[in-house]
Amino acid sequence: MSDTTAFQGDTPVVSRGTGALPHEDLMTVERCERIAVRMDSAFRIPGTGIRFGWDGVLSIVPGIGDTLALAPAAYIFQSAWRMGAPSHLIGRMAFNTGIDWAIGSIPVIGTIFDVGYKSNRKNAALVRAFVEEKHGGKLAPARGAHV
């Protein structure tokens, strides 16, 4: 995952390294999935199939809680970027997180939305799909991050 430097004329051009081994990428994907599960579905309401995570808990404090929940989402973004995800994939992930943040910041309605939308799990599933495509097939069974 190191950067490489090439030259165009006299100008150095640094590009992100995407030559990671499948095992390294798999470990990163699994880390993203663990974060996503904690943020979106770590807890279950007894007697129901409704799951929620720390994102839903933090959204009880409108604005501040949702803003704090951006840090784990940013880690998932950064991981995808470091593995060489294309800009359209990063944009889709940003859209998922932006919707979660914008609607999640609305008192009461936002908390209910956060419980159902699960943007981190969606983003982790996008990262897994990208890495599987990058390496030509399934890496290992998903650990609950697929929506």
Side-chain angles (χ1 to χ4, degrees), residues 1-5 13-147:
M1 284 194 279
S2 62
D3 290 346
T4 58
T5 304
V13 178
V14 178
S15 63
R16 293 177 285 142
T18 59
L21 298 172
H23 177 71
E24 293 170 344
D25 282 351
L26 174 61
M27 288 175 40
T28 301
V29 167
E30 288 180 343
R31 192 173 311 116
C32 289
E33 289 174 340
R34 283 192 304 272
I35 290 168
V37 167
R38 286 185 192 123
M39 291 305 293
D40 291 339
S41 57
F43 312 110
R44 186 176 57 84
I45 297 174
T48 71
I50 299 171
R51 299 193 69 86
F52 64 98
W54 287 106
D55 189 12
V57 172
L58 290 170
S59 73
I60 292 171
V61 181
I64 297 169
D66 287 292
T67 301
L68 290 174
L70 291 175
Y75 177 82
I76 296 172
F77 280 35
Q78 180 188 34
S79 296
W81 183 81
R82 283 188 172 179
M83 289 187 289
S87 58
H88 68 86
L89 180 69
I90 301 294
R92 188 168 170 196
M93 293 170 65
F95 177 80
N96 288 339
T97 301
I99 292 290
D100 188 12
W101 180 82
I103 296 175
S105 296
I106 302 169
V108 183
I109 294 169
T111 301
I112 295 167
F113 179 80
D114 274 338
V115 169
Y117 190 63
K118 303 185 185 325
S119 67
N120 292 296
R121 288 185 60 179
K122 290 177 188 217
N123 289 343
L126 289 171
V127 171
R128 175 173 278 279
F130 163 72
V131 169
E132 287 177 348
E133 182 180 323
K134 173 182 168 183
H135 292 293
K138 291 207 176 280
L139 296 175
R143 297 192 179 187
H146 291 288
V147 179

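Residues: numbered from 1 along the sequence shown.
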Q.
As a quick check of understanding, evaluate side chain to side chain contact (heavy atoms under 4.5 Å, CB included) for Val29 and Phe130, giving each step before the final call.
A. CA-CA 10 Å; Val29 167; Phe130 163 72; over 6 Å; no
Q. Do other residues, nucleotides or ligands put more than 12 heavy atoms under 6.0 Å from the CD1 atom of Ile109?
A. no
Q: First locate atom OG1 of Thr28, then atom CD1 of Ile76, and finally report the distance between them rounded to the nearest 0.5 Å.
A: 12.0 Å
(Q) So which atom in Arg51 and which in Lys118 form the shortest heavy-atom distance, rounded to 0.1 Å? (A) O-NZ, 2.8 Å
Q: Drop me the distance from Phe43's CZ to Ile50's CD1, to the nearest 0.5 angstrom.
A: 15.5 Å
Q: Quick one: closest heavy-atom pair of Lys122 and Tyr117, and the distance?
A: CE-O, 3.0 Å
Q) About how many Å separate CZ of Phe52 and CE of Met39, when rounded to the nearest 0.5 Å? A) 12.5 Å
Q | Heavy-atom side-chain contact between Phe95 and Ile99 under 4.5 Å | A | yes
(Q) Rounded at 0.5 Å granularity, tell me how far NZ in Lys134 sits from CG in Asp25. (A) 4.0 Å
Q | Side-chain touch Ile45/Val115, heavy atoms, less than 4.5 angstrom | A | no
(Q) Minimum heavy-atom separation for Pro72 and Ile35, please, with both atom names. (A) CB-CG2, 3.6 Å
Q: List the atom of Ala102, the atom of Ile106, and the distance in Å for their closest heavy-atom pair.
A: O-CG1, 3.9 Å
Q.
Taking side chain to side chain donor-acceptor pair (under 3.5 Å) as the definition, give me every residue that meets it alongside Asp114, ordered by chain and number, with sequence neighbours left out.
A. Ser59
Q | Which residues share a side chain to side chain donor-acceptor pair (under 3.5 Å) with Asp100, sequence neighbours left out | A | Ser119
Q) From Ile112 CD1 over to Ile103 CD1, what is the distance, rounded to the nearest 0.5 angstrom? A) 12.5 Å
Q. Out of Arg31, Glu33, Glu132, Met93, which residue meets the side-chain contact (heavy atoms from CB on, under 4.5 Å) rule with Val127?
A. Met93
Q) Which heavy atom of Thr97 sits nearest a heavy atom of Ala73, and at what distance? A) CG2-CB, 3.9 Å
Q) Do the side chain of Asp55 and the main chain of Ala69 share a donor and acceptor less than 3.5 angstrom apart? A) no
Q: Rounded to the nearest 0.5 Å, what's the gap from CE on Met27 to NE2 on His23? Could you check?
A: 5.0 Å
Q. Is the backbone N or O of Arg44 less than 3.5 Å from a side-chain atom of Thr48, with the two atoms forming a donor-acceptor pair by type?
A. no
Q) Which pair of non-hydrogen atoms, one from Ala80 and one from Ile90, has the smallest distance, and what is that distance? A) CB-CD1, 3.8 Å
Q: Apply the test side-chain hydrogen bond (donor to acceptor under 3.5 Å, both in side chains) to residues Ser41 and Arg121: give CA-CA distance (whole Å), side-chain angles for both, the deciding distance (0.1 Å), then the verdict.
A: CA-CA 9 Å; Ser41 57; Arg121 288 185 60 179; 3.1 Å; yes
Q: Could you go through the side chain to side chain contact (heavy atoms under 4.5 Å, CB included) check for Arg82 and Gln78 one step at a time?
A: CA-CA 6 Å; Arg82 283 188 172 179; Gln78 180 188 34; 3.3 Å; yes
